[in-house]
Amino acid sequence: MKKFLLTGAAMACAIMPFAAHAQTNPSQSDDQYTGLEDIVVTAQRREENLQRAAIAVSAVAGETLTEQSITQATDLTRLVPALQVAPAASFTQIYLRGVGTFGANAFAEQGVAFNLDGVYLSRPAAPAGLFYDLERLEVLKGPQGTLYGRNATGGAVNVITAKPRLGETSGNLTAEYGNFDAIKSSGAINLPLGDRFAFRLAGQVAQHDGYFSDGYDDEDTWAVRGQLRGDFNDAVNATLSIDYANVGGMGSGGTIMPLLDGDNRLGPSDPRVVAAYVARTPTTPVPQVIADANGYQDNTFLGIATTINADLGFARLTVIPAYRKTDLDFRSFASSFLIDVEENSEQSSLEARLAGDVGNLTWVVGAYGFSESVDANQNFDQGSNGTRIFSDLKTDSVALFGQGTYSVTDRFRVTGGLRYTKDTKGQVTEAHTLPFVGFVAGVFPLRPIILDIRSDTDAEIEFEKVTYKAGIEFDAGPSSLLYASVATGFKSGVLFPAQVNGFSAPENMTAFTLGSKNRFLDNTLQLNAEAFYWDYKDQQVSHLGPVQVASTPGGPVFGPIFLTENAGAATIAGAELEMVFQPTGTDLFSANLQYLDAQYDELKYQAYSTTGAAPSIGCAVTPTTQTGASAAARIYNVDCSGRPLVNAPKWSLQLGYEKTLELGDSGRLILSADTRLESSRYLSIDYLELGRQDAYMMSNARVTWEAPSGGVAVTGFVNNIEDELVFANSFQSPAKAGTIYNQLRPPRTFGLRVSFKM
């Protein structure tokens with residue numbers, strides 16, 4: 001903590017002279033260029049200039065998402081150094097500065113809140129079919145417990161769609177073709193309906209062949225969104241939004257490690273991968289699950305939300321009722337074994353906020369209600385072991401919150417906020433543990449004996465939590481802001497199937513932040529800096545571990561379940577520097593550097609071994625006397641204290657440059673390139689070298705011609721120029737200790753994109 005404060009103080013002292021210098025600079029000298037544009041964000045539940053928001057937040061314009069061919073949540077890693085997004089079958093795992101969830105079943109919840117137009121999306125599969133016709137993307141770093149509530153321990157990702165515009169007829173269309181037979185198209189049309197109403201219809205189609213040799217890691221998504229806005233009078237307006245998406249294809253893939261055949265992306269059902277898998281211990285006649293090419297996903301998403309705004313004179317009222325339905329149907333072999341899931345979930349929420357200004361006080365108060373039901377049928381089959389889980393899960397959450405900023409002087413402000421949350425969760429679960437225990441005596445060919453150990457859970461738990469934020473901010477100059485804050489957040493407790501103690505307690509975060517936001521050199525240089533210290537307690541760790549599935553005269557019997565338990569406490573400290581420099585109207589430089597020191601003070605959990613052999617884990621492992629579901633099974637204590645957090649590279653650097661060449665009557669040419677450099681990171685709490693991503697560099701480039709009118713643009717692009725092989729996720733086979741399957745980020749992709757605007 002002392003080191004953090006000293007670092008922050010030094011940073012502030014270093015920036016202060018620049019702030020003083022900025023006040024004496026002359027006004028703009030180029031009539032055609034007035035400096036960097038302002039970006040408006042709503043990260044603090046109100047519209048404000050990004051540079052005046054006393055919060056650590058990165059914003060990405062919607063046009064940038066299109067230029068970077070972003071159509072899936074996993075692509076977002078290329079844009080924000082603090083962010084790591086990975087696939088897990090049909091689920092999405094979001095990590096921010098090492099804080100996230102290895103969620104891969106119906107019980108999982110994210111540690112980074114994902115929001116669409118102010119509506120929290122609870123399901124790990126929910127960030128799908130949304131990335132088109134967007135105004136911007138906001139990434140809030142650090143716990144957001146006061147304004148965003150539970151499950152925002154590490155931060156929040158806000159997706160803001162483009163809204164209907166009154167009195168305007170406009171539209172856009174983008175079509176793209178690339179290697180792997182990639183076809184991507186998106187567009188929107190905005191129509192006025194009289195003076196006070198407008199309608200906007202947007203859609204997207206995104207397809208490409210699989211990146212793996214057997215067709216996995218493909219994309220087949222279509223989505224549509226309709227929005228109707230009405231300004232009923234000068235004081236009241238409302239926007240109704242309905243979106244629908246279907247995500248199909250074979251789904252994500254994974255390959256056995258070490259990678260076979262050089263840099264080829266051999267999929268899970270590739271004969272070479274299958275041969276390598278069956279050769280690992282245990283071998284036949286122990287039952288095996290052989291991956292094939294019949295994996296699929298047929299997932300649908302429906303959302304309905306209304307945002308109502310009313311000017312009451314003394315305050316502004318915002319009310320957001322929302323409903324979302326997520327239906328998952330997928331079959332995956334990405335982690336070496338069969339995952340077959342049908343999951344139907346429905347969530348409804350209602351948020352009401354009042355915001356206003358009274359004298360020197362800017363304030364917001366509100367209430368929030370959330371209800372969700374999840375009906376899931378999950379089958380996890382490893383051949384020599386497996387589980388089948390039928391669950392009916394319910395969550396109800398209510399919250400009251402308030403935050404205010406008081407201007408002590410014209411340049412100095414203080415902020416305080418509180419939120420009270422109460423969660424009630426329940427499950428009715430029927431779980432079947434299916435261990436292999438031997439063969440039928442005297443029968444040839446050998447016939448395996450698979451036990452069916454059934455356990456039933458009917459439980460309800462309650463959590464209550466108060467989170468807070470306190471901060472100060474100071475205008476060091478006309479374009480310079482210094483701020484400091486302490487904020488808390490928590491992730492709600494998580495259920496899982498077990499006869500005894502089938503839940504984890506909430507995890508908690510306290511974060512200290514010291515930052516500065518500045519514009520120098522006649523508004524051409526933007527330099528933002530942040531130092532942070534996060535105290536992470538009771539971290540929920542998701543992994544395959546033992547839970548009690550039966551009671552016998554000899555004591556409890558434990559079977560393997562993908563569970564979530566409070567296993568870790570960590571300290572996360574570091575700094576982030578962000579620079580944008582536009583010396584002329586035709587040159588734009590950008591850089592974002594993050595240093596991260598994320599280490600477990602304590603990380604202890606239990607591992608289940610179906611064969612009895614010590615698990616393959618890069619940490620201290622000791623056996624226990626607990627009884628497994630088969631005679632051979634053993635349970636081990638694991639201690640990974642002192643290890644780094646997963647998906648937390650020590651260094652991350654994003655660099656970019658854009659050059660515009662004016663061609664007179666022939667339009668203009670825009671040349672742009674960016675690159676991301678990362679130091680090494682582990683991808684799972686197994687801490688095995690095969691599950692570790694080494695340092696890498698991945699670059700992208702684009703050349704765009706724009707017509708003089710600006711209505712037509714043609715872009716040639718290439719992503720991952722180096723064709724770098726980068727791991728996105730890692731999972732150890734439950735049936736074969738030490739057998740690792742890794743998922744990969746996309747290879748080199750290139751293509752041509754044509755855009756039209758009216």
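Keep in mind it's a predicted model, so treat the numbers as computed, not measured.
Closest of all the heavy-atom pairs between Tyr536 and Thr153 is CE1-CG2, 3.9 Å.
Taking a 6.0 Å sphere around CD of Glu722, one finds it holds more than 12 heavy atoms contributed by other residues, nucleotides or ligands.
By the 6.0 Å and 45° rule, Arg643 stacks over the aromatic ring of Tyr682. Stacking of Arg45 on the aromatic ring of Tyr148 is recorded, both the 6.0 Å distance cut-off and the 45° axial limit being met. A cation-pi geometry, defined here as NZ or CZ lying under 6.0 Å from the six-membered ring centre and within 45° of its normal, holds between Arg753 and Phe717.
Side-chain contact check for Ser58 and Lys141: at least one donor-acceptor pair (N or O, by modelled atom type) lies under 3.5 Å.
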Next on the checklist: Test side-chain hydrogen bond (donor to acceptor under 3.5 Å, both in side chains) on Gln594 and Arg97; report intermediate values, then the result.
Outcome noted: CA-CA 9 Å; Gln594 178 180 266; Arg97 291 177 177 167; 3.0 Å; yes
Next on the checklist: Between Asp209 and Asp218, is the side-chain contact (heavy atoms from CB on, under 4.5 Å) condition met? List the steps.
Outcome noted: CA-CA 5 Å; Asp209 291 343; Asp218 61 341; 5.7 Å; no
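Ring pair Phe114/Phe131 is perpendicular by interplanar angle, where above 60° counts as perpendicular and below 30° as parallel.
Put simply, the side chain of Asp587 never gets that close to the backbone of Pro583: no donor and acceptor are under 3.5 Å apart.
Tyr741 has its ring centre no less than 6.0 Å from the ring centre of Phe731. Aromatic rings from Phe180 and Tyr211 are positioned such that their centres are separated by under 6.0 Å.
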